[in-house]
Amino acid sequence: MAKLLRNKDWGGEIVDKIWQDFQVFYVLVDEDELEIIENSGNIPREDAGVYLTAKTGKSQCFVSANYKLVKAIVEETGEFECLTPEAFVNKYV
C-alpha cells in the first residue's frame, strides 16, 4: 500500500521505524494448552496458535487486521493491548 501512496522506500522506512525499538522473543507453544484454547471457544479455533504465541511471548501489544480475533482477545482475556494496524500506526508511529 505504501508503494501506491508514495514509493517502496517510504514503505520500508515505516517498517524500520515500527521495528526499531521492539524486542523479539522466540517461544515454544505447548500443544496441550493449544488444544485447550482451541476447544474452549473463547478464541476463534483457527487463531488459537496466534493468540497463544502472543500470550507465551508475554506480548504487551497485539496487532491484527482480524477484527474477530482482536475483539475476542479484548473481551475474553484482556491480557494485553489489542489494536488494528490503523490504530497501532495512529498511536505509535
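Side chains included, hydrogens not; waters and symmetry mates left out as well; all remaining heavy atoms used.
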message: Would you compute the distance between atom CZ of R45 and atom CG of N39 and round it to the nearest 0.5 angstrom?
response: 5.5 Å
- prompt: What closest approach, in Å, do F80 and S59 show between heavy atoms, and which atom pair accounts for it?
  reply: CB-O, 3.4 Å
task: Identify the heavy atoms of K55 and E33 that sit nearest to each other, and give their distance.
output: NZ-OE2, 3.2 Å
query: Which residue pairs satisfy the salt bridge (charged side-chain N to carboxylate O under 4.0 Å, His left out) criterion with at least one member in residues 79-90, sequence neighbours excluded?
result: E81-K91
- prompt: Measuring from L28:CG to T53:OG1, what's the distance to the nearest 0.5 Å?
  reply: 10.0 Å
- prompt: Among V29, I36, I43, whose side-chain contact (heavy atoms from CB on, under 4.5 Å) with L52 holds?
  reply: V29
field: CD/E46: more than 12 non-hydrogen atoms of other groups inside 6.0 Å
entry: yes
task: Please check if V27 and V50 belong to a single hydrophobic cluster, counting links between Ile, Leu, Val, Met, Phe, Trp and Tyr side chain heavy atoms closer than 4.5 Å.
output: no
message: According to side chain to side chain donor-acceptor pair (under 3.5 Å), who are the partners of D16, at least two apart in sequence or on a separate chain?
response: none
- line: Rounded to the nearest 0.5 Å, the OH atom of Y51 sits from the SG atom of C82 at a distance of 9.5 Å
- request: Give, for atom CG of L69 and atom NZ of K71, the distance between the pair rounded to the nearest 0.5 Å.
  value: 12.5 Å
statement: Closest heavy-atom pair, F88 versus L83, reported as atoms and distance to 0.1 Å, is CA-CD1, 3.9 Å
query: For S64 and N66, which heavy atoms make the closest approach, and how far apart are they?
result: OG-N, 2.9 Å
